[in-house]
Each structure stands twice: as structure tokens, then as C-alpha cells.
Protein chains: 2
Amino acid sequence: MLLVERGVDPYRGARALPGGFLNHAGEDILDAAHRELREEADLDVARLHLEQLGTYGAPGRDPRGRVISVAYLAIAPELPDPVAGTDAADAGWESAADVLSGRTKLAFDHLRIVTDGIDRARGKLEHSALATAFCRETFTIADLQQVYEAVWGVQLDPRNFYRKVQKVPGFIEPTGQERRATKGRPARLFQAGPTTVLHPPLVRPESTDSEGAR
Amino acid sequence: MLLVERGVDPYRGARALPGGFLNHAGEDILDAAHRELREEADLDVARLHLEQLGTYGAPGRDPRGRVISVAYLAIAPELPDPVAGTDAADAGWESAADVLSGRTKLAFDHLRIVTDGIDRARGKLEHSALATAFCRETFTIADLQQVYEAVWGVQLDPRNFYRKVQKVPGFIEPTGQERRATKGRPARLFQAGPTTVLHPPLVRPESTDSEGAR
DNA sequence: GTATCTTAATGTCAAACAGACAGAAAGGGG
DNA sequence: CCCCTTTCTGTCTGTTTGACATTAAGATAC
């Protein structure tokens, strides 16, 4: 995930989600999310999936006073490795595992927001074609499987995955081309199809730890 | 759904979702949702399900100026038939079909909010125990089926529904009591179980109309 | 050029599941 | 006591799932 290092108090030096305030009264909040992503992280990629995650407005979440944050979940493939040195103070990539485990400390209630975002992504992978937003324009089925395995944190059977993914109508479409790696049989390349809602869904294996309350 | 009639411009006389502004800088937005529900609609029921739906902040959505609304989805059973005459101007129940079809005109972008809310409810019925929030403390399986049929707008087979609902562990628990109607065999009464996430989910029958893009 | 290694693609099979529907159980009313 | 209604319990068939075997198509080593 993309985090910036705070240069001012409060939480100076801690990592935080990129964000900021609305510019003027006429700015749409989605536009503002795009702008902040560009300004704070120099990120202006194509194929950017951006969806509203939720709004966080607990009274004490910002010591400076009342701040209500509308969080957006952004997903994009082929991200520039170290975010290019710009005025964007210190933006950089952090492993989600490091953040979730608490090894990387986040400012404000941003850990909560991050947790919600990951939950959202995990769930949406089942019922929507969101996984293709993690991939490039064309991809192999093994690529897609890696997305599911990484986000869900599980291992999947390649043969069954292959079968199920292709059964969902309109999810992925073959391009007719192939990609050959250094080893092994060349893999057929696919691209995202028109479907956004998966029928049937790709259900993730039931984790043994009981999910309990929400 | 619960709507109030606007007494002031803009949209005077049109129906709108109950809502209002934050009281003071220390008020939590969820608390504000509860308060507005109580103030505008005299609604203060037990067993009230309230979850954040989304935030709407398009520049022109309120002609008076920039207003950002955080929408909450509320669901509760046993609602008072005509909302008792209080200072709550003209609050009343409207059929969702009337609103969705456009027969009942809504102020601002509230039709969009309502549509999103119904979509959310329909989806959550599949994967969460939300349906029990529509029911009383104890209910029969037929009651629960009526919730699913009403919200999804489909007909379900009582025998298959009976089987599937009882297979989900922790969804509903038998109370040991029965309810006898005027006709027919007495039905066993159930109550909501501890589970909030349904495993396996209750998938709704695939509607014939293609869902297309989102 | 052939063996071998690696990954992709296809196939097989038993168990579980889904939808459609039959029938039995348990009440009330003529 | 028969009929009607609603609830509950089965049955049956086709589909899907998860586990695993097998074949296909390249690259590389020898």
C-alpha cells in the first residue's frame, strides 16, 4: 500500500494514508481523491480503480479538531516502484502484512481505514471483476490467480482455478496471444471482459478461524 | 421506507430522506444519524440496524450550496404504522416500489441514495444475517422467507429455503416454541443466532436481465 | 537430437449441492 | 370424519466442487 511520511505534527514522522482537504466548495469529493493522489504521491496512472470506502468522523480522531474523512480505495497495476522524488515528501510502498501486523505504525485511525479497505478488497474479489484491476491490460490465468492468492492470503489449486475463472461468463476474454516465460509451456493471454459482477461468484475457501461478529 | 415531507424550500412539498446537520463539533456521525431519526421521525425503536451506506458530495446536489451527506441505512422490524403525530412534520411510510418507479418524487439526489441503499440491502441479504433485522425477536422460517422474497422481489421454494436456511450454522436457532395461525400446521419459532456472516451464502436466483456494468 | 525439466492446459472421479417436486404431519372448520 | 391449509421431511436428478492424474508445449542440458 502507498503511504506518506508526515512532515508536521501531529504524528510527525509516522506513516499515513495520502489525503487532504477539499480545495474549494465546488470540488467533487471523487475529484479531490484523484487530486490528492496526484499531489501527495505523484501518482497519475492509467487503469486506476477508485471507489468510495467509507467516511470516518469520530470526534477525537484528529487532535487538531473535528475532521471528517471520506476514504477511497484505489487499486492499480504496474505501479512505479519507488514513487519518483517530487515535492511529495516521502511517499513509498509498504507491505500490507507489515501494516496489519503493527510493525508499521500509522497515524490517526488510518489502521482502521486500511483494515476496512483490505476487507473490502477481499470481499469484492469474490463477487466482482476487481481482480483484473490488479493486472495489466493482458494477463495470464496464473497472474490472476496470484492476485487472488495474495489478497486472500491462501493457496489455490491452479487446475480448479483455471476451470472456475473461465466458466464465469464475461469475466476474462482470450486475446489469442501467448506469453512465454523462460521456462514452461507458453500461457494464453486474456483481458478483462465486460462483466463487473461475477455469476457465479468465486468463493474463497472458508478460513478455519471462525469469523465471529462483525 | 420512511420519508418526510419538506416544509421549506428548496423542494418544498417533496419527499425526502430524514436527515440533518451535525449538532456540534463533538458529535459522532453515527450518533447524529440516530438523533435525526429520532427528531425527524419520532423513531426510537429497539433492535435497530444502522450501517453507513455512503457519502454524497457532488457539487450541485443541494442548490443552497455545498452539502456533504453521509447516508446511513436503517432497518428495523415492527415499525409503528403511521409515525405518531409529533413535531416531526409529515413523516410516513412509502412503498419502495413507488419510489423506485418514480411515482413518488424525491428531493435532491435522494433517489440515488435510496437506490444504493436497496442495492446494499439486497446484497447483504445473501451474505449476512441482515434478514433477521427485518423480523421480530422470534419468527418462523416462513417469516424469514417473506423478507427475502420482498427485498429480492422473487419467489422462493419454501422447501428448499427451509433446508438451506437451517444448514447455515449459527444463522437461526430454534426456540422450542411454536406459533399457530388460524390455518395450517403450527410453525416452529426461531431467533437470530450469533452468526453475522453466512457460510454458505444464500445466493439469490440469477435474474434474467443481464446486470451489465456497475 | 534426445532426455529432462517446467509450466500450462485438459480430464477424471467421488462427494456435496441445487432446484424441482412428492408426500407426510399437524392443526382448524365444515 | 373428511377436507383444507400450512409446515415439515424426503426423494430424485443434474450440476458443481475439491482433489488429483495426465497430457501438451515450450526451454535447457547433455
Side-chain angles (χ1 to χ4, degrees), chain A residues 125-127 131 135-136 138-150 152-191 197-208, chain B residues 125-127 131 135-136 138-150 152-169 171-191 198-208:
Chain A
L125 243 53
E126 292 188 295
H127 310 285
C135 295
R136 307 184 191 182
T138 72
F139 49 87
T140 71
I141 292 189
D143 292 338
L144 198 61
Q145 182 180 342
Q146 281 178 19
V147 171
Y148 276 91
E149 290 184 335
W152 283 349
V154 295
Q155 289 270 103
L156 301 174
D157 185 298
R159 286 110 15 137
N160 294 336
F161 185 81
Y162 195 94
R163 185 195 345 137
K164 290 175 74 168
V165 160
Q166 287 200 303
K167 187 174 300 182
V168 183
F171 184 17
I172 58 173
E173 294 176 339
T175 64
Q177 296 176 318
E178 289 187 340
R179 181 203 297 171
R180 33 178 48 84
T182 51
K183 297 186 293 189
R185 173 175 175 173
R188 286 153 58 190
L189 283 170
F190 293 81
Q191 60 189 2
V197 181
L198 302 186
H199 263 294
L202 285 167
V203 285
R204 69 186 124 167
E206 186 172 3
S207 58
T208 48
Chain B
L125 243 54
E126 294 187 293
H127 310 286
C135 297
R136 307 183 190 182
T138 73
F139 49 87
T140 71
I141 293 190
D143 292 338
L144 198 61
Q145 182 178 343
Q146 281 178 19
V147 172
Y148 277 90
E149 290 184 335
W152 283 350
V154 295
Q155 288 271 103
L156 302 174
D157 184 298
R159 296 147 314 179
N160 295 336
F161 184 82
Y162 194 93
R163 179 184 4 123
K164 290 175 74 167
V165 160
Q166 287 199 303
K167 187 173 302 183
V168 183
F171 184 17
I172 58 173
E173 294 175 340
T175 64
Q177 298 177 316
E178 290 187 340
R179 180 202 297 170
R180 33 178 47 87
T182 49
K183 296 185 294 188
R185 173 176 177 173
R188 286 154 57 189
L189 282 171
F190 293 81
Q191 60 189 3
L198 268 39
H199 262 296
L202 285 167
V203 286
R204 71 185 121 171
E206 187 172 4
S207 57
T208 48

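Sequence lines set the chain letters: A, B, ... in the order given, protein chains first and strands last, and positions in each chain run from 1.
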Response to the item:
5'-most contact on DNA chain C (nearest-nucleotide basis), B:Pro186 vs A:Thr140, goes to A:Thr140
Discussion item. Nearest whole Å is fine: how far is C:dA8 P from A:Gln177 CD?
Written reply: 17 Å
Worksheet item: Crowded around B:Arg179 CZ? As in, over 12 foreign heavy atoms under 6.0 Å?
Response: yes
Discussion item. Can you tell me if A:Glu149 has over 12 outside heavy atoms packed within less than 6.0 Å of its CD?
Written reply: yes
Response to the item:
From CZ of A:Phe161 across to P of D:dG18 the rounded distance in Å is 13 Å
Response to the item:
Rounded to whole Å, the CZ-C1' distance (A:Arg188 to D:dA25) equals 13 Å
Discussion item. Please report the distance, rounded to the nearest Å, between NZ in A:Lys164 and C1' in C:dC17.
Written reply: 13 Å
Discussion item. Considering every strand and a 4.0 Å limit on heavy-atom distances, what is the contact class for A:Ala142: base, sugar-phosphate, or nothing?
Written reply: sugar-phosphate
Practice prompt. To the nearest Å, give me how far apart CZ (B:Arg163) and P (C:dC21) are.
Written response: 14 Å
Fill in: Side chain A:Arg185 and base C:dA9 donor-acceptor under 3.5 Å
no
Worksheet item: What integer distance in Å separates B:Asp157:CG from D:dT9:P?
Response: 15 Å
Worksheet item: On DNA chain D, nearest-nucleotide positions of A:Asn160 versus A:Lys183: which is more 5'?
Response: A:Asn160
Worksheet item: Would you say B:Ile141 and B:Pro158 make side-chain contact, with heavy atoms under 4.5 Å?
Response: no
Worksheet item: More than 12 foreign heavy atoms under 6.0 Å from CD of A:Glu178: is that the case here?
Response: yes
Fill in: Protein-nucleotide distance (A:Leu156, atom CG; D:dA19, atom C1'), rounded to Å
14 Å
Worksheet item: Hey, is the side chain of A:Tyr162 poking within less than 4.0 Å of OP1 or OP2 on C:dT10, counting only N and O atoms?
Response: yes
Discussion item. Once you apply a heavy-atom cut-off of 4.0 Å, does B:Thr182 come out as touching a base, just sugar-phosphate, or nothing?
Written reply: sugar-phosphate
Worksheet item: CZ/B:Phe161 to CD/B:Gln155 distance, rounded to the nearest 0.5 angstrom?
Response: 12.5 Å
Item to complete: For B:His199 and C:dA16, give me the distance from atom NE2 to atom P, rounded to whole Å.
Response: 19 Å
Discussion item. Given the structure, check if the side chain of B:Arg159 and the base of C:dA22 hold any donor-acceptor pair shorter than 3.5 Å.
Written reply: yes
